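Shown next, in structure tokens, is the structure this report addresses.
Lettering follows sequence order; numbering is per chain, from 1. Below, each value reflects all heavy atoms present in this structure, side chains not excepted, and no hydrogens, waters or symmetry copies. Keep in mind that what you see is a predicted model, and the values were worked out from it rather than measured.
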Protein chains: 2
Amino acid sequence: MTAQVLINGQWQDADATGTFQATDPNTNALLPETFPVSSWQDCDAALDAAVEAAKVMRGLSPQAIAVFLETYADLIEANKDALVEAAHRETGLAKSPRLADGELPRTSNQLRAAADSCRSGDWALATIDTAAGIRSCYEPLGPVCVFGPNNFPYAFGSVSGGDFAAAIAAGNPVIGKANSSHPETTRLLAELAFQAAQQTEVPDAIVQLIYRTSHADGERLVSDPRVGATGYTGSRSAGLKLKSSADQAGKPIYLELSSVNPVVVLPQALAKQRDEIVDQFVGSALMGAGQFCTNPGVVILVKGSDADDFVSRVAERYADAAPGTLLSPAVGKSLRASIGTLCDLGVDLKVGGGELETDRCALANTLMTCTGTQFLSDPEGYQTEAFGNASLVVLADDVDQVVNILSQLEGNLTGCIYSDSEGGDDPVYDQVAAALTPKVGRLLNDKMPTGVAVSAAMNHGGPYPATGHPGFTAVGIPGAMLRFGKLTSYDNVRPARLPKLLADQNPTGNTPRRIDGDWTTADVV
Amino acid sequence: MTAQVLINGQWQDADATGTFQATDPNTNALLPETFPVSSWQDCDAALDAAVEAAKVMRGLSPQAIAVFLETYADLIEANKDALVEAAHRETGLAKSPRLADGELPRTSNQLRAAADSCRSGDWALATIDTAAGIRSCYEPLGPVCVFGPNNFPYAFGSVSGGDFAAAIAAGNPVIGKANSSHPETTRLLAELAFQAAQQTEVPDAIVQLIYRTSHADGERLVSDPRVGATGYTGSRSAGLKLKSSADQAGKPIYLELSSVNPVVVLPQALAKQRDEIVDQFVGSALMGAGQFCTNPGVVILVKGSDADDFVSRVAERYADAAPGTLLSPAVGKSLRASIGTLCDLGVDLKVGGGELETDRCALANTLMTCTGTQFLSDPEGYQTEAFGNASLVVLADDVDQVVNILSQLEGNLTGCIYSDSEGGDDPVYDQVAAALTPKVGRLLNDKMPTGVAVSAAMNHGGPYPATGHPGFTAVGIPGAMLRFGKLTSYDNVRPARLPKLLADQNPTGNTPRRIDGDWTTADVV
């Protein structure tokens, strides 16, 4: 029996143009559940319901929306076992610690953080100019479509992850498009979200779920006049098609597309802290079979015996480590293709690159090197993202060439610089940081990039093509919520008609508002 | 002799593919000065210089940039007479009060407000998470291209206006593209800006000026890898071409495109406050010959004798008022075409619509009406923007039809609701406001929209196609500066390497920063 879609508060048969099944990457066998490919009719019905839900949500208190988010967080935790079972089967990610102890609590915590921000209104940057009689804040934007990625079935999931939490907490209903590699996990999450909606005051259509559409219908969806905005995390090629369509319609679309997350290890750090950095790098690069948006895909070193030693130690570790399971056959295919592209360009394959004798969806841990001059001969080619357990080490002639290489990088989510803790690299740090910082959303020192803390100071974003706009973060409350807000000024609007957030009285007693230039939690006097 | 472009700190002959002259709309005669149409070579040289200037600016203190902005503001005021003379000749706008007493001081004040925000860093939303060791803020984005509109030669000018001030104060150099209808005014402003640069510590190429390019080169410019972002205010058709090009390259572009700025007068207000509202409407609608982005182009009334009376009074006033001078023959041509489109749709032409016997660039004040049913039969057609001294009154059957009409509107900069001051319209206000607010960037009560205060709470923005993104304002410091910032997180970055804005010590003693969730001007302890 084909799974049902969730539209307008009803689990119902899709208006389907076909069906699909996910694959268990642990065995490479098709999973039994079948899921519908929805026609435009399903999208259209979901959009209509979302428009009505958005209207209802504008009339709700922030408290009502916060309670929904918290109820949902509780339900996720109460149903941990089923969620972990489903996600492991569909993604191959380890049940523990990854799914049960890492991603799942991160997800419920993120929902709770969004609830806090919704309740306080701190995300909305309420601004009051008493002399001019003008008050402004961010407000809900309208229905948000969320396309989740394959690699975080909960924390970036279309009906549970960061985009979902941010969009809902900003007051918008969500239409989730499941990632096709883990539809059953997404269905379970949507069931819990819908339960939470039924148990609380929010409209049922605050969350809706479809599993897959044609590409054309996906493009139509993100550009539909009823849509407020779209959040997308996934492959660059699919994302750019959606972007083109949304852009033409003037609809905001926030995309997380690709990133090689360059790591520069400066010469003195490489000389003195090599073992430690090798440990950190291998741990970060192979974690989750390298399938992190912030996986350190490219390491840049100055050539020499220290660099050679770094490469040979990493190569040993890569050869020894059991290759992780890839998320799906599609990831394997794409990884194989990227390694092929890099090999064709002339990288030196140090270890891996080949197939494994296994039923799992997996490839050998792969380490490649190239010279800085090679890289500079085709920067676009050598920046090919190899999503998975494959890494490229670039051996530059000197620090000046490192700077040249950095200046040729596309936009990335992160960039790291390891430098001597005793100051030995300080003479060159500034020029390296000056070249790297404009290219990345997050600059790290002495630390690998794979951890993405849910922090108000986090930027999980970066210049194109890491994302579609360098001013927004996809992780971190309250920042991530701004993506789903519309700025509205109230000019000379009568006091009783102002949104509570902009009334003279502070709506919660502790909501930060910028009143006549100063941030304060006081009332307007 | 053809005017020179300002590239890389040199007034120099353009690499020109042709020349053009502006028209004096007071006489419809060509002005004597000729200006070059730049080839790509000029754009390319300006981009290279801007990249270098951007690097230098990253190393400057906010104080240095603030002093530049203030010096420039002083120079604008010191050269008021020449600027007013030039702008009057090129735009037909009145020397006083409009240019000398309104727009010019607004422009210098805006530059000073931007200087204040640059100095304090309040725009950058500095956020510090001490537990996670992550700190973030907005930073310069890179060279900004500014395309100014025809209707505000100073306050929205490409080298003097709101986009310029915001981009510079956020730390970015500007490449200005003059509006072709007032190139001499823009040249004078660029001379002053350049003088200010030479008198202060900023790089010469902080401001550069070209006058015109081919459409293809304009599209190439906004999508060039060296560009950080673009600000554009002007016609929808030209703006959408630039948007398409910038979008494809993943470059932020902020556009202000078009807006009919709907005004709803609710029945009791119309009955009781008709004279006053007629006065306010006629004043706002004909101000500057209606050539304001926030001109109230569409008025929506419930039909009946009060509405008929409103229309006939406005018609009288329109017939009696001397038609203002339009900015250029191109504006006249476009206004004529828009009135023609509306007449073809079947509006009732109450007054005007025709040519005038005058040497000035001017058309008769024009008032049109249509029924609500007509409007709903072709909402897109009846929303044709008639930029200039022409207005459309829509006579709806009842308040429900008003709400239907509002729900069919495209995005607008502003929307106004007049309602009875004694509460007679309160029973219907909420449903009207609920339909109007999502469509506009600024909601007004009992007030016409043409005044755009430079306030921190101002939103001069709105949903597409009023602008390209509903989350940004083009007017108002510090908000407008966020458009030209890149969000950057510093994760585990060593204290001495942090930007001053994110150091433990508050950089000014009074910069607001969000430290562990609370806005404060204190140091990190």
ask   = Would A/Tyr429 and B/Arg497 count as a side chain to side chain contact (heavy atoms under 4.5 Å, CB included) if you check the C-alpha gap in whole Å, the side-chain angles of each, and the deciding distance to 0.1 Å?
value = CA-CA 9 Å; A/Tyr429 178 87; B/Arg497 296 170 176 175; 3.1 Å; yes
ask   = Say you draw a straight line from OG1 of A/Thr520 to CH2 of B/Trp519; how long is it, rounded to the nearest 0.5 Å?
value = 13.0 Å
query = Are A/Gln248 and B/Leu240 close enough that some pair of their side-chain heavy atoms sits under 4.5 Å apart?
reply = no
query = Hey, which of A/Asp420, A/Asp430, A/Asp516 has the most heavy atom pairs under 4.5 Å with chain B?
reply = A/Asp420
message = Does any part of the side chain of B/Ser136, heavy atoms only, come nearer than 4.5 Å to the side chain of A/Arg442, both counted from C-beta?
response = no
Interface residue of largest heavy-atom contact number with chain A, from B/Gly468, B/Ser419, B/Ala496, B/Ala126, under 4.5 Å = B/Ser419
task = Evaluate the criterion side chain to side chain contact (heavy atoms under 4.5 Å, CB included) for residue pair A/Leu444 and B/Asn492; output intermediate values, then yes/no.
result = CA-CA 6 Å; A/Leu444 299 100; B/Asn492 200 42; 5.7 Å; no
message = Heavy-atom pairs under 4.5 Å with chain B - which of A/Gly142, A/Gly228, A/Ala249 has more of them than the others?
response = A/Ala249
key: Name of the residue among A/Leu443, A/Thr437, A/Ile417 meeting side-chain contact (heavy atoms from CB on, under 4.5 Å) with B/Val493   = A/Leu443
inquiry  = Can you tell me how far apart CE (B/Met458) and CG (A/Asp129) are? Round to the nearest 0.5 Å.
reply    = 9.0 Å
inquiry  = With heavy-atom distances below 4.5 Å as the criterion, would you say the side chains of B/Asp518 and A/Pro512 are in contact?
reply    = no
inquiry  = I need the residue from B/Ser421, B/Ala54, B/Ser120 with the largest number of non-hydrogen atom pairs under 4.5 Å to chain A.
reply    = B/Ser421
message = Keeping B/Ser455 on the side-chain end and A/Ala132 on the backbone end, is there a donor-acceptor pair under 3.5 Å?
response = no
query = Do the side chain of A/Lys55 and the main chain of B/Ala434 share a donor and acceptor less than 3.5 angstrom apart?
reply = no
Test item: A/Pro225 and B/Glu410 side chains (from C-beta on) under 4.5 Å apart, heavy atoms = no
query = Is the backbone N or O of B/Tyr464 less than 3.5 Å from a side-chain atom of A/Lys251, with the two atoms forming a donor-acceptor pair by type?
reply = no
ask   = Measuring heavy-atom distances to chain B, does A/Pro478 have an atom under 4.5 Å in its side chain, in its backbone, in both, or in neither?
value = side chain
query = Under the 3.5 angstrom rule, does the side chain of A/Tyr138 hit a backbone N or O of B/Gly471 as a donor-acceptor pair?
reply = yes
Contact class of A/Pro438 relative to chain B, heavy atoms under 4.5 angstrom = both
key: Toward chain A, the part of B/Ala229 with a non-hydrogen atom under 4.5 Å   = neither
Region of A/Thr473 that comes under 4.5 Å of a non-hydrogen atom in chain B = both
query = Side chain, backbone, both or neither: which part of A/Thr521 has a heavy atom under 4.5 Å from chain B?
reply = neither
task = Answer with side chain, backbone, both or neither: which region of A/Leu125 has an atom nearer than 4.5 Å to a non-hydrogen atom of chain B?
result = side chain
request  = Answer yes or no: is there a side-chain heavy-atom contact under 4.5 Å between B/Asn459 and A/Thr488?
outcome  = no
ask   = So which heavy atom on B/Ala457 is nearest to which on A/Thr127, and how close?
value = CB-O, 3.7 Å
query = Is it the side chain or the backbone of B/Leu502 that comes within 4.5 Å of chain A heavy atoms, both, or neither?
reply = neither
key: Pairwise distance CG(A/Leu487) to NE2(B/His460) - rounded to 0.5 angstrom   = 12.5 Å
ask   = A/Ala433 versus chain B, heavy atoms under 4.5 Å apart: side chain, backbone, both or neither?
value = neither
message = If I measure from the heavy atoms of chain A, does B/Arg483 come under 4.5 Å with its side chain, its backbone, both, or neither?
response = neither
task = Please work out whether the ring planes of A/Tyr254 and B/His469 are parallel, tilted or perpendicular, with thresholds of 30° and 60°.
result = perpendicular
Selection from B/Pro252, B/Gly133, B/Ala453 maximising heavy-atom pairs under 4.5 Å formed with chain A = B/Pro252
key: Residues B/Arg494, A/Asp446; criterion side chain to side chain contact (heavy atoms under 4.5 Å, CB included); working and verdict   = CA-CA 9 Å; B/Arg494 300 186 193 172; A/Asp446 314 318; 3.0 Å; yes
request  = Measure B/Thr414 against the heavy atoms of chain A and call it side chain, backbone, both or neither at under 4.5 Å.
outcome  = neither
